[in-house]
Amino acid sequence: MLKIYNTLARDKQEFVPIVPGKAGMYVCGMTVYDYCHIGHARVLVVFDIVYRWLKASGYEVNYVRNITDIDDKIIKRAAENGESIHDLTARFIAAMHEDADALGVLRPDHEPRATQYVPEMLDMIARLEANGLAYRAADGDVNFAVRKFPGYGKLSGKSLEDLRAGERVEVADNKNDPLDFVLWKHAKEQEAGEVKWDSRWGKGRPGWHIECSAMGSKLLGNHFDIHGGGADLQFPHHENEIAQSEGAMLHEQGGGGAFVNYWIHNGFVNVDKEKMSKSLGNFFTIRDVLKKYDAEVLRFFILRAHYRSPLNYSDAHLDDAKGALTRLYTALKSVPSSPALLPAGEGSQPPSPLGGGVRGGGTPMDWNTPHAARFKAAMDDDFNTPEAVAVLFELANEVNRSQSVEAAAQLRSLACVLGLLQRDPPEFLQGDVNIQLTGDSTKGEVGSVSDDVSVGLTGVDAKGYVEALILERTAAKNAKNYAEADRIRKVLLDAGIVLEDTLQGTTWRRA
RNA sequence: GGCGAGAUAGCAAAAUGGUUAUGCAGCGGAUUGCAAAUCCGCCUAUCCCAGUUCGAUUCUGGGUCUCGCCUCCA
């Protein structure tokens with residue numbers, strides 16, 4: 001039985017879908033005017049896990065993650081770059097997909113873009129106006145009248161009075177009430193035609209909040225199961241979404257009703273205990289981090305913390321995650337015949353606790369074994385991935401101890417649900433080899449292969465070099481020339497390569 | 001100021017009214033030509049003060065500190 005911490009209830013609740021066996025889920029995605037940072041990576045990965053676990057639990061999931069491709073920052077950035085809005089957003093949508101794919105994030109079922117749903121937004125604004133919740137301001141903007149919507153603040157726990165008391169300056173003078181928010185922004189003269197749509201309120205473009213209400217309703221219905229996003233979206237964005245969606249339905253179905261049953265919010269990524277954000281300038285883009293760390297390490301790092309907890313980002317923590325993940329892959333490597341692998345990404349369907357899912361050529365997951373049962377219990381408890389990961393380590397210990405192929409297969413199957421451990425161990429353990437050898441370490445005695453190596457080697461060249469040196473070392477070892485063997489090992493260690501002598505011969509991995 | 005979340009060993013991070021979290025690091029042993037990896041064992045903990053209880057890290061109250069939201073933000 002899956003339990004989800006519902007922000008609306010401020011408590012864990014049993015997940016009961018609106019339609020048995022199905023789950024509709026909407027997650028606020030990215031505004032595409034720049035590269036994604038690690039905070040975005042967390043949202044992507046966290047809700048990828050929600051998606052995967054719902055599927056693994058047998059639900060037919062309809063996952064919608066929107067793309068905001070029209071907004072003030074996009075317009076500003078495009079103008080700065082001297083490029084069209086379309087070109088800018090297309091570029092960063094492609095970049096986002098690259099980043100998400102690298103992190104092993106499954107594509108959502110729908111990825112609607114705001115610019116493609118303007119008619120639906122206008123329709124919703126019209127209904128809000130008809131319901132007396134929207135008004136046209138003097139300057140042409142259409143605003144939402146927050147005070148006319150009863151229940152405003154129920155998600156964020158804020159009262160209108162408190163908001164008013166704590167309000168900070170710059171009250172837009174076109175609003176009847178400082179708390180009102182814009183549904184439709186009137187077009188400004190200097191803006192490009194690309195950002196203007198016709199409407200009964202004149203040319204303009206949608207406000208931010210309305211897109212999620214409109215696209216959510218369009219793709220998932222007026223009432224759906226799960227809505228997610230970063231904790232910073234709880235207020236005002238999600239609060240406003242509720243006001244819009246429920247306000248628009250006010251006179252339908254006997255007074256409308258709930259827009260969303262379960263609200264899920266993930267915690268922030270922090271740097272030095274402060275929220276990573278653009279405005280603070282303390283952010284790292286995904287692609288920058290991936291230059292230094294394997295994408296699976298980053299994914300694993302995110303999953304080692306509970307999704308609602310703060311996650312402090314630092315190189316030391318990434319190094320720690322890398323070491324831990326190495327232990328898992330090392331265990332898999334130690335078992336001679338690894339089970340068949342699933343292709344990473346798109347095709348990988350997690351095994352189902354209900355028996356429906358099947359791994360590539362393998363057998364369905366048996367959730368009754370002790371490890372699997374604990375894993376399932378952890379995931380059912382509000383997606384407790386740290387606990388689930390702990391089970392993985394216990395399984396790894398079991399694999400190392402028993403060399404059991406079955407245990408290794410189970411380790412891999414369970415990890416698959418988390419989108420982890422699906423690569424060939426050497427691929428992870430050896431990584432992209434990049435060797436930089438200089439000076440004395442390459443001189444003379446190592447033999448022909450090393451004579452003229454004084455520049456950096458990468459990829460196949462480096463691999464061949466390492467393997468040639470291993471052959472030489474093996475020869476030296478066989479001749480009991482341990483000094484030479486140790487020297488070669490030292491050469492490689494200095495280059496970031498660790499040798500491991502096993503019964504099957506010498507293997508290597510990156511340090 | 002209003003509202004909310006949190007304080008767990010050297011670091012990271014779960015859970016729990018009494019019984020091993022887990023990973024990294026450290027220590028001892030096994031193994032190894034020496035290592036690495038692995039295995040076995042060990043070490044270090046529940047912010048402070050009261051209360052409830054046979055027993056609290058866990059529940060209640062108070063305090064201290066940290067963080068977040070209240071403005072675009074994942």
Side-chain angles (χ1 to χ4, degrees), chain A residues 7 10 27-31 36-47 65 68 71-73 76 153 156-159 161-170 179 208 228-237 239 265-270 273-280 283 300-301 304-306 308-312 314 316-328 330-331 333-334 374 378 381 384-394 396-397 399-403 429 477 480-483 485-486 489-490 493 497-503 506-509 511:
Chain A
T7 307
R10 267 157 267 275
V27 171
C28 289
M30 257 51 79
T31 300
C36 293
H37 59 60
I38 304 304
H40 299 121
R42 191 174 192 190
V43 191
L44 289 168
V45 170
V46 161
F47 289 101
R65 189 184 64 213
T68 299
D71 104 311
D72 287 354
K73 276 178 289 202
K76 181 162 173 272
S156 55
K158 297 181 185 306
S159 71
E161 293 66 37
D162 292 341
L163 284 168
R164 176 151 263 185
E167 187 190 348
R168 305 184 207 173
V169 280
E170 64 168 278
L179 295 176
W208 176 41
D232 46 1
L233 296 186
Q234 191 176 320
F235 187 91
H237 183 56
E239 196 70 62
H265 292 98
N266 65 276
F268 300 125
V269 174
N270 294 158
K273 295 206 163 187
E274 271 193 327
K275 176 185 171 186
M276 180 182 287
S277 72
K278 292 268 165 115
S279 49
L280 286 171
F283 64 91
F300 182 73
F301 165 70
R304 278 220 295 175
H306 185 80
R308 281 189 281 116
S309 302
L311 179 61
N312 217 34
S314 74
H317 294 158
L318 267 282
D319 288 337
D320 193 67
K322 179 183 170 187
L325 189 56
T326 297
R327 174 171 165 81
L328 257 21
T330 302
K333 174 192 158 203
S334 71
R374 281 190 51 211
D381 183 16
N384 192 338
T385 54
E387 180 72 25
V389 166
V391 174
L392 260 32
F393 280 100
E394 286 169 20
N397 178 256
V399 170
N400 285 329
R401 230 172 335 137
S402 67
Q403 293 294 292
L429 295 171
K477 265 180 63 178
K480 300 249 191 281
N481 184 356
Y482 293 120
D486 289 348
R489 184 167 59 202
K490 179 70 162 48
L493 187 61
I497 302 294
V498 177
L499 297 187
E500 297 178 346
D501 293 335
T502 72
L503 289 176
T506 300
T507 63
W508 62 277
R509 63 180 169 89

Donor/acceptor link under 3.5 angstrom from Asp501(A) side chain onto base of C34(B): yes
Residue-phosphate contact under 4.0 Å: Lys275(A) side-chain N/O, A74(B) OP1/OP2: no
Asn481(A) vs G33(B): side-chain N/O to OP1/OP2 distance below 4.0 Å: no
Value in whole Å for how far the P atom of A37(B) lies from CZ of Arg489(A): 11 Å
Interatomic distance where NZ belongs to Lys158(A) and C1' belongs to C70(B) [whole Å]: 4 Å
Value in whole Å for how far the P atom of A5(B) lies from CZ of Phe235(A): 17 Å
Touch class at under 4.0 angstrom, heavy-atom based, for Gly29(A) against every strand present: sugar-phosphate
Sugar-phosphate only, base, or nothing, as touched by His237(A) at under 4.0 Å among non-hydrogen atoms: nothing
Sugar-phosphate, base or nothing in reach of Leu499(A), heavy atoms under 4.0 Å: base
Distance, rounded to the nearest Å, where Glu161(A) contributes CD and C70(B) contributes P: 19 Å
Interatomic distance where NE2 belongs to His317(A) and P belongs to A13(B) [whole Å]: 6 Å
Between U22(B) (C1') and Asn384(A) (CG): distance, integer Å: 11 Å
N/O (side chain, Arg327(A)) to phosphate O (OP1/OP2, U38(B)) under 4.0 Å: yes
Among G33(B), A36(B), A14(B), the one nearest Glu500(A) by side-chain distance: A36(B)
For RNA chain B, the dot-bracket pattern of Watson-Crick and G-U pairs whose distances stay under 3.5 Å, | for other-strand partners: (((((((..(((.....[...))).(((((.......)))))....(((((..]....))))))))))))....
Neighbour count above 12 (heavy atom, 6.0 Å) for Lys76(A) NZ: no
Minimum-distance nucleotide (side-chain atoms of Pro386(A) versus A14(B), U22(B), A37(B)): A14(B)
Side chain of Asp320(A) (C-beta onward), nearest among G33(B), C24(B), A74(B): C24(B)
Separation of atom CZ in Arg42(A) from atom C1' in A74(B), rounded to whole Å: 10 Å
Spacing between Asn400(A) atom CG and A36(B) atom C1', to the nearest angstrom: 14 Å
Sugar-phosphate, base or nothing in reach of Ala231(A), heavy atoms under 4.0 Å: nothing
Sugar-phosphate only, base, or nothing, as touched by Ala324(A) at under 4.0 Å among non-hydrogen atoms: sugar-phosphate
Residue-phosphate contact under 4.0 Å: Ser279(A) side-chain N/O, U71(B) OP1/OP2: no
Short side-chain N/O contact from Arg509(A) to OP1 or OP2 of A37(B), under 4.0 Å: yes
Sugar-phosphate, base or nothing in reach of Gly229(A), heavy atoms under 4.0 Å: sugar-phosphate
Phosphate OP1/OP2 of C67(B): any Asn270(A) side-chain N/O under 4.0 Å: no
Sidechain-backbone polar pair: Glu239(A) side chain, Ser156(A) backbone, donor-acceptor under 3.5 Å: yes
